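Owing to the predicted nature of the structure, the values given are computational and were not obtained by experimental measurement. Start at 1 and go down the list; that is how both ligands and their atoms are numbered. In this chain, residues are counted from 1 in sequence order.
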Amino acid sequence: MQTIIKLAIAAAVLMTSCAGTASKKEQSVATPKNNTVKFNADSAYSYIKRQVEFGPRVPGSESHSRCVTYLTDELKRHGVDTVYVQTGSKKAYTGEVLPIKNIIGSINPEQNHRILIAAHYDTRPWADNEEDESKRDTPIDGANDGASGVGVILELARILAANRPETGVDFLLVDAEDYGESSGLTSNEESWCLGTQYWCENDPYTSQNRPKYGIVLDMVGGRDAKFHREYYSVRNASNIVDKVWGTAARAGYSSFFPNKIGGALIDDHLFISRNGIPCIDIVECNNAKTGSFPATWHTHQDNMNNIDTAPLRAVGQTVLNVILAEKPE
Ligand code: AHN
Ligand code: ZN
């Protein structure tokens with residue numbers, strides 16, 4: 001086998017050196033297996049568009065429940081080994097009791113060495129960052145804030161069901177992340193990430209198969225997005241931040257993943273870390289214009305027009321490379 005590979009490389013070098021493109025061809029033959037699996041950003045884009053077409057995915061709404069069916073069906077269609085919906089309820093800061101539906105899909109469910117990849121799929125019921133006050137009470141499309149992380153996960157699920165990783169992978173699509181209280185500088189921490197909080201109180205693991213770490217994807221599809229090293233990610237899981245940012249750089253995506261510290265966010269990763277699974281957040285948290293979240297954040301501009309495949313590709317390929325490089329110890 002070794003000899004055959006060496007021969008193939010030699011042949012490729014020989015053939016291409018005549019054509020004068022030796023280095024390029026040689027590289028593609030010699031590239032390690034992990035890097036040959038390509039993340040398809042157009043496919044992720046189409047999964048985002050499909051979610052947005054349901055309308056705002058506000059907990060308890062008809063659009064939300066149709067989207068739950070779509071997401072579970074999609075994970076099953078891709079060949080994810082086990083797919084189920086965890087149901088419960090949580091009281092929102094408004095006093096409403098929200099139904100919670102967390103969607104959980106697992107690859108290699110029997111493997112004890114696992115990684116958790118999570119994103120929220122619900123969308124915010126309000127556009128509280130709209131300048132025009134009359135537009136603040138209507139729900140947003142949530143193309144970036146909601147659908148983008150899930151779009152990347154659906155594409156990862158499609159790829160990993162066909163290109164089996166050595167590790168186990170759990171995809172967690174959480175509900176009711178975005179029903180939180182936004183009140184100037186002080187934020188009501190416990191009012192955010194209700195689906196993840198429910199999952200933490202009812203997580204499906206034993207001490208043996210608890211994921212070694214988690215990666216949350218939130219707002220990963222914005223135009224000109226850059227992903228700074230989010231503050232709590234560095235504080236709670238700095239080795240995972242180093243692993244992910246290093247993998248991004250080796251894949252040629254360092255311009256999307258600056259080695260700079262970003263804002264400190266109350267997001268799903270914080271609750272997952274507190275639940276004993278060191279977790280990072282890949283999130284646009286240091287936008288060039290706003291200094292924090294993208295300018296479209298919690299406005300009606302968070303729509304398909306502002307989604308770009310370039311950051312989706314950078315994030316998707318990076319996370320795919322991380323998963324495929326993972327070896328059970
Ligand atoms: C706070 O604003 C406190 N957390 C933001 C978490 C979030 C909302 N991510 C997306 N939407
Ligand atoms: Zn949000």
So which heavy atom in the protein is nearest [atom], and how far is it from that ligand atom?
atom: atom 8 (C) of ligand 1; answer: D178 OD1, 3.2 Å
atom: atom 9 (N) of ligand 1; answer: D218 OD2, 2.9 Å
atom: atom 7 (C) of ligand 1; answer: E177 OE2, 2.9 Å

Determine, using heavy atoms of [X] and all atoms of ligand 1, whether some pair is separated by less than 4.0 Å.
X: L265; answer: no
X: M219; answer: yes
X: H298; answer: yes

[X] atom [atom1]: more than 12 heavy-atom contacts under 6.0 Å:
X: E133; atom1: CD; result: no
X: Y231; atom1: OH; result: no
X: D224; atom1: CG; result: no

Exercise. Under 3.5 Å, is there a donor-acceptor pair linking the side chains of T196 and D268?
Worked result: yes
Exercise. So W245 and F257, would you call those rings parallel, tilted or perpendicular, with 30° and 60° as cut-offs?
Worked result: perpendicular
Exercise. Which class fits the ring pair Y121 and H64: parallel under 30°, tilted 30 to 60°, perpendicular over 60°?
Worked result: tilted
Problem set entry | Name, closest N/O/S atom of D145 to the Zn ion (ligand 2) | OD2
Problem set entry | Heteroatom of D178 nearest to the Zn ion (ligand 2) (N, O or S, atom name) | OD2
Exercise. Does any N, O or S atom of E177, backbone or side chain, fall under 2.8 Å from the Zn ion (ligand 2)?
Worked result: no
Exercise. N/O of I266 under 3.5 Å from N/O of ligand 1, yes or no?
Worked result: yes
For this session: State the atoms of ligand 1, each with its element, that fall below the 4.0 Å cut-off from a heavy-atom position in W192.
Result: 1 (C), 2 (O), 3 (C), 8 (C)
Problem set entry | For D145, atoms of ligand 1 separated by under 4.0 Å from a heavy atom | 10 (C), 11 (N)
Problem set entry | From CD1 (I261) to CZ (R229), nearest 0.5 Å | 8.0 Å
Exercise. Which of these passes side chain to side chain donor-acceptor pair (under 3.5 Å) with T167: K327, H113, K212, E326?
Worked result: H113
